[in-house]
2 protein chains.
Amino acid sequence: MIKHEKAIETLRLKGHRLTPQRLIVLSTIASGDGHMGVDEVFQAAKKAYPYMDIATVYRTLHLFKELGVVTEVAIGDRLHFELTDPEGHHHHMVCRACNGAFNLSPHYLAEFRETLNKEFGFEPDLEHFAVSGVCAKCQEADRKSGGNQG
Amino acid sequence: MIKHEKAIETLRLKGHRLTPQRLIVLSTIASGDGHMGVDEVFQAAKKAYPYMDIATVYRTLHLFKELGVVTEVAIGDRLHFELTDPEGHHHHMVCRACNGAFNLSPHYLAEFRETLNKEFGFEPDLEHFAVSGVCAKCQEADRKSGGNQG
DNA sequence: CAAGTTATTGCAACCGTTTGCGATTACTAA
DNA sequence: TTAGTAATCGCAAACGGTTGCAATAACTTG
Ligand SMILES: [Mn+2]
Ligand SMILES: [Mn+2]
Ligand SMILES: [Zn+2]
Ligand SMILES: [Zn+2]
């Protein structure tokens, strides 16, 4: 609950207005644990503030992302957001079968980034990366029920 | 021009119908070089067949993808398609500044895949992967014109 | 070649997300 | 406390992409 304070301070310092909509989206994200889909945020926020519009939710989340307050994660083909992890960056493995999202330490991608950098001069966007795939559990379930080779 | 034949044969063998729409989308993709955005394909195809609908283009491209005839690449937030490379898989580095796409040999990601596999049992989707970032040229241009630190 | 079957099409409606715009409201400064 | 202002809002329209459905047309069989 005190993490709000810091985010609010950030808003104010950068000259952004403190509107009820922004405060509600902020506390919605802060009270949920882990990633929230945009519609989850919208529905929860609308309960606290019935005039809330989906466009406002998107604009607010994008602003928060720009300010570093939240982090965007593409899960499946939907956008999700989470409060930025103060412990540091992390990536995700997202299961395309069960939609589960598992955190992944950045060191697993550090080497990949370095290689692209050195060999091609290419600086990849890997700040918060979600790699899609199939998790161990779903692979097993799939194997049992004859997923693709009966 | 002979690569059509193989794709057409594939369609026929799997019991799909040979419609003018499919043949036109196929030759459109085959005559363009490299990735084409969906709208590029649509506009070109519409010239050859004015009734062409965008939904048909999407359905056709998805069918071709399923058959292995074309490969889907997400560039920025738009879908692109290219004739499947008979020389083998490759990935892409896509520059978010100039939209340039550079091919990347699969071995750069092989290790990453193996690590996720061994450590987490996670099987990532990395068949045709596009990593976004900034290419060497654009980094330099950015540096000269004072991109982000004066 | 004609008729029947069914995959495929064009269209329109929809999805999640973004954007333009005129109305509202948070802030600033008297 | 009050205006003045510009940022922000709600709304509606648009975007790229997907989907349901009735009409069409590619194939099959004779
Ligand atoms: Mn995360
Ligand atoms: Mn390619
Ligand atoms: Zn799973
Ligand atoms: Zn570039």
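The chains referred to below are lettered A, B, ... by the order of the sequence lines, with proteins before strands, and numbering in each begins at 1. None of these values were measured; they are calculated from a predicted model.
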Partner residues of [X] under the salt bridge (Lys or Arg N to Asp or Glu O under 4.0 Å) criterion, sequence neighbours left out:
X: E87(B); result: none
X: K47(A); result: none
X: D125(A); result: R96(B)

No-hydrogen, no-angle side-chain donor-acceptor test under 3.5 Å, N103(A) and H91(A):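 No - no donor-acceptor pair under 3.5 Å links their side chains.
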Tell me which of Y58(B) and Y51(A) sits closer to the 5' end of DNA chain D, going by the nucleotide each one is nearest to.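 Going by which nucleotide is closer to the 5' end, it is Y51(A).
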For Y58(A), all residues meeting ring pair (Phe, Tyr, Trp, His ring centres under 6.0 Å), sequence neighbours excluded: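 Listed in chain order: nothing, the list is empty.
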Only counting residues at least two apart or in another chain, list the ones meeting ring pair (Phe, Tyr, Trp, His ring centres under 6.0 Å) with F129(B).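 Per chain and number, F129(B) pairs via ring pair (Phe, Tyr, Trp, His ring centres under 6.0 Å) with F129(A).
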Output one letter per nucleotide in nucleotides 21-30 of chain C: B when a protein non-hydrogen atom lies under 4.0 Å from the base, S when only the sugar-phosphate is that close, - when neither is. ----BBS---
Run the side-chain hydrogen bond (donor to acceptor under 3.5 Å, both in side chains) test against T84(A) and tell me which residues pass, sequence neighbours left out.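 By the side-chain hydrogen bond (donor to acceptor under 3.5 Å, both in side chains) rule, T84(A) matches T71(A).
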Leading and trailing nucleotides of DNA chain D with any atom under 4.0 Å from heavy atoms of chain A: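 Range of nucleotides within reach of chain A: dA6(D) to dC11(D).
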Can you list every salt bridge (Lys or Arg N to Asp or Glu O under 4.0 Å) pair that touches residues 55-71 of chain A, not counting sequence neighbours?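 Listed by first then second residue: K65(A)-E72(A).
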I need the full list of salt bridge (Lys or Arg N to Asp or Glu O under 4.0 Å) pairs touching residues 9-35 of chain B, with sequence neighbours left out, sorted by first then second residue.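 Output for this query is empty, none listed.
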Quick one: ring-ring contact (aromatic ring centres under 6.0 Å, His included) pairs with a partner in residues 95-121 of chain B, sequence neighbours left out?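 Those involving residues 95-121 of chain B are Y108(A)-F120(B), F120(A)-Y108(B).
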Given atom NZ of K14(B) and atom C1' of dA7(C), what is their separation to the nearest angstrom?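 About 17 Å, once rounded to whole Å.
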May I ask you to say what I54(B) touches in the nucleic acid, namely base, sugar-phosphate or nothing, with a heavy-atom cut-off under 4.0 Å?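 No contact.
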Go through residues 37-44 of chain A and report each residue with a non-hydrogen atom lying under 4.0 Å from DNA chain C, sorted by number.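 When residues 37-44 of chain A is checked for heavy atoms under 4.0 Å from DNA chain C, the hits, listed by number, are V38(A).
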